[in-house]
Amino acid sequence: MQIYNTMTRKKEELIPVHPGRINMYACGPTVYNFFHIGNARPFIVFDTLRRYLEYRGYQVTFVQNFTDIDDKMIRRANEEGITVKELGERFIKEYYTDADALGIKRASNNPRATGHIGDIIRLVETLIEKGHAYATPDGDVYFSVRSFPGYGKLSGQSIDDLESGARIDPTEQKRDPLDFALWKAQKPGEPAWESPWGMGRPGWHIECSAMSMSILGETFDIHAGGQDLVFPHHENEIAQSEAATGKPFANYWMHNGYINVNNQKMSKSLNNFFTVRDIAKEFDLEAVRLFMLGAQYRNPVNFSRDLIEQATAALARLRTAQERLAQAQTGAETPEDADFMRELDGYKTAFCAAMDDDLNTADALGVLFDLARACNTFVSEPRGKEAVQAARKLYDELTGVLGLIVQKKEEEFPAQAVDLLEQRQQARAAKDWARADAIRDALKDMGYTVEDTKQGPKLKKL
RNA sequence: GGCGCCAUAGCCAAGCGGUAAGGCAGAGGUCUGCAAAACCUUCACCCCCGGUUCAAUUCCGGGUGGCGCCUCCA
């Protein structure tokens, strides 16, 4: 499989540290609020990568953290009048609600920053010992950027260009404007932990270094996140981690593009963001997932209601094909069955080729729609059991890799609707078309459509 | 100023040297009591100008337009 590596700025063959295993880390949410669909993109994209790697037989350890202590957490907790811990607990729970609805598999491990304070302190101590960090009289600890020669290698920035743009906060006691905080001394009212430098809390960047290395080892395969994390977050992670261990940190760096609204980045200040929770009130979140996978993950995509509606229609097509496969009639085997099964292999190969090419889900989705058409055609008449089952298996596999239509919902309909449907059948049997159509209209008003199929009428939610 | 990304049909979006996947929407048809779904058919001078090449949407140079990072941010 080829993966675009931000570090080298080209696609590279994915070669794991340990054959057959992939250790990957994705930067997760700061749990101070519901997450918006911009946040959702990396969750969905890297979940899909994880699913695909597993499909290809890798044993994957997928770690995604929760940042549950930082400035935003503290500010929000104060606004709400609750503790930072309570705030974190709440939005971790809310995260899972939305993530589950988006078809995101639970990570192998969801470490919390506050659960790794010991690892963080040890890492900071190491950095001080090796001369890469220094404590100030106030009890802050800073990383000395100029002590790490490779600084800037991920973002392609030269240290001197950065220097010219850097500002220094007069309250900070940095030796160099580029230096960043590893440990922050406690301010009144803030949560704090004991450390060799007094009471305080970790800086943002060090959390990810400590969590990833303590779980995945000093060198692991893939580190992923949003494009905006390239600098400074990931650059700083590399500096801290490699300065401490003297070993390469992550071998592949993957970054997803943004979700935009009207071609502008979604952001709080522009007030143009949509939370996943709000979208869920109106749309099936699986459509949001399909929407995200409809573009290559590195490209920016615009978000709009119209696009989610388009995705909803496309998703319905995939679902219909699945239902038709599930209900397909089997019959005598024919030579065409064998041809069709060979055709199935072709779809699988094409799907994998697309995914192998830096997770080209848009292309893979194209293959999936081709497969859906082929299956729809194939099962339009009774077919040999073996071929039908092979089709079902492949269809479920490929949709499963994309995390789409994995949960087959057996819809519950109100008794009244079921009753009307029955009455309509009686009217149709009596060829009372006017009455049948009137009932269909009544059902439509209730929010259901009815489709007459060979297996009888079917209700569907509008 | 430094670093980087993008420009393909009405709307999305792959392809990235050999003459344009797929989805949504639209049009015509098959099926259907009528619909729906499904299936068939149909719908693109690939932002502009140069260059390289037998051949460029695809590579190179220059424009034009849009966006991002350099400050918390997926």
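Per chain, numbering begins at 1; letters A, B, ... match sequence-line order. Computed from a prediction, not measured in an experiment: that's the story for all the values here.
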Using a 4.0 Å heavy-atom cut-off, does A/N39 contact any base of the nucleic acid, only the sugar-phosphate backbone, or nothing at all? base

Looking only at B/G68, B/A38, B/C11, the nucleotide nearest the A/T320 side chain is B/A38

Partner nucleotide, any strand, of B/C72 [Watson-Crick/G-U, under 3.5 Å]: none

Determine the interatomic distance between P on B/G22 and the same-named atom on B/U42; round to the nearest Å. 11 Å

Do A/D221 and A/Y25 have side-chain atoms, one donor and one acceptor, less than 3.5 Å apart? no

Determine, for A/Y151 and A/R146, whether the Lys NZ or Arg CZ falls below 6.0 Å from the six-membered ring centre while staying within 45 degrees of the axis. no

Is there a Watson-Crick or G-U wobble partner for B/U57 with both distances under 3.5 Å, and which nucleotide is it? none

Residue-phosphate contact under 4.0 Å: A/N299 side-chain N/O, B/A14 OP1/OP2: yes

At 4.0 Å (heavy atoms only), tell me whether A/G152 reaches a base, stays on the sugar-phosphate, or touches nothing. nothing

Is any side-chain heavy atom of A/L404 closer than 4.5 Å to a side-chain heavy atom of A/L398? no

Quickly work out the A/F34 CZ to B/A74 P distance and round it to whole Å. 16 Å

Using a 4.0 Å heavy-atom cut-off across all strands, classify A/L368 as base, sugar-phosphate, or nothing. nothing

Atom-pair distance (CG on A/N302; P on B/C12), nearest Å: 7 Å

P-based separation of B/C46 from B/A27 [nearest Å]: 26 Å

Determine the Euclidean distance between corresponding C1' atoms of B/G18 and B/G23; express it in Å to zero decimal places. 27 Å

Report yes or no: is the cationic atom of A/K11 (NZ for Lys, CZ for Arg) closer than 6.0 Å to the six-membered ring centre of A/Y4, at no more than 45° off its axis? no

Any donor-acceptor pair under 3.5 Å linking the side chain of A/R41 with the backbone of A/G257? yes

Send over the distance from A/Q296 CD to B/A13 P, rounded to a whole Å. 12 Å

Looking at A/T67, A/L87, A/N33, which one forms a side-chain contact (heavy atoms from CB on, under 4.5 Å) with A/M73? A/L87

Quantified in whole Å, what is the P atom distance between nucleotide B/C24 and nucleotide B/U41? 15 Å

Distance check, C1' atoms only: B/C59 and B/G2, in whole angstrom units. 27 Å

What class does the angle between the rings of A/H205 and A/F180 fall in, given that below 30° is parallel, 30 to 60° is tilted and above 60° is perpendicular? perpendicular

Select from A/K72 and A/D357 the residue whose nearest nucleotide in RNA chain B is closer to the 5' end of that strand. A/D357

Taking atom C1' in both B/A74 and B/G65, compute the distance separating them and give it to the nearest angstrom. 27 Å

From B/G2, B/C39, B/A74, pick the nucleotide closest to the side chain of A/Y258? B/A74

Using the P atoms only, state how far B/C47 lies from B/C12, rounded to an integer number of Å. 15 Å

What is the base-pairing partner of B/C16, counting Watson-Crick and G-U wobble geometry with both distances under 3.5 Å? none

Can you figure out which of B/C34, B/G2, B/G15 approaches the side chain of A/N360 most closely? B/G15

A/K444 side-chain N/O to B/A35 phosphate OP1/OP2 under 4.0 Å: no

Suppose we call a contact any N or O donor and acceptor under 3.5 Å apart; does that hold for the side chain of A/D452 and the base of B/C34? yes

Phosphate-side-chain proximity, A/N376 and B/C39, N/O vs OP1/OP2 below 4.0 Å: yes

Report yes if a donor N or O on one partner sits less than 3.5 Å from an acceptor N or O on the other, where the partners are the side chain of A/R324 and the base of B/A38; otherwise report no. no

Its contact letters, B for base, S for sugar-phosphate only and - for none at protein heavy atoms under 4.0 Å, make nucleotides 22-28 of chain B read SBB----

Assign each of A/L229 and A/Q157 to its nearest nucleotide of RNA chain B by heavy atoms, then name whichever residue's nucleotide is nearer the 5' end. A/Q157

Nearest-angstrom distance from the residue atom CG of A/N260 to C1' of B/C5: 11 Å

At 4.0 Å (heavy atoms only), tell me whether A/D306 reaches a base, stays on the sugar-phosphate, or touches nothing. sugar-phosphate

Check every strand shown and say whether A/T449 touches a base, only sugar-phosphate, or nothing at a heavy-atom separation below 4.0 Å. nothing

Answer yes or no on whether A/R75 is positioned over the face of A/Y32, meaning its NZ or CZ is under 6.0 Å from the six-membered ring centre and within 45° of the axis. no

Listed by chain and number, what are the salt bridge (charged side-chain N to carboxylate O under 4.0 Å, His left out) partners of A/D306, not counting sequence neighbours? none

Establish, from distance only, whether the side-chain atoms of A/N236 and A/Q240 form a donor-acceptor pair under 3.5 Å. no

Paired with B/A44 by Watson-Crick or G-U wobble geometry, both distances under 3.5 Å: which nucleotide is it? none

Heavy atoms under 4.0 Å, any strand shown: does A/S380 hit a base, just sugar-phosphate, or nothing? nothing

Find the distance A/M292:CE to B/A74:P and express it as a whole number of Å. 14 Å

Which whole-number value in Å describes the distance from A/F378 CZ to B/C40 C1'? 19 Å

Specify the separation, in whole Å, of atom CE of A/M355 and atom P of B/A21. 22 Å

Where the side chain of A/R428 is concerned, which of B/C34, B/G15, B/C39 is the nearest nucleotide? B/C34

Using whole Å, what does the distance between atom P of nucleotide B/A74 and atom CZ of A/F43 come to? 8 Å

If you go through the side-chain atoms of A/D437, does one of them form a donor-acceptor pair with the base of B/G33 closer than 3.5 Å? yes

Between B/C69, B/A36, B/G33, spot the one nearest the side chain of A/A436, thanks. B/G33

When the C1' atoms of B/C43 and B/G26 are compared, how many Å lie between them, rounded to an integer? 8 Å

Base-pairing assignment for B/A7 (Watson-Crick or G-U wobble, both under 3.5 Å): B/U64

Under a 3.5 Å cut-off for both contacts, is B/G33 paired Watson-Crick or G-U wobble with anything, and if yes, with which nucleotide? none

How is A/K265 classified with respect to the nucleic acid when contacts are heavy atoms under 4.0 Å: base, sugar-phosphate, or nothing? base

When all nucleic acid strands are considered with a 4.0 Å heavy-atom cut-off, which category describes A/R76: base, sugar-phosphate, or nothing? nothing

A/P29 vs A/F91 side-chain heavy atoms within contact, under 4.5 Å: no

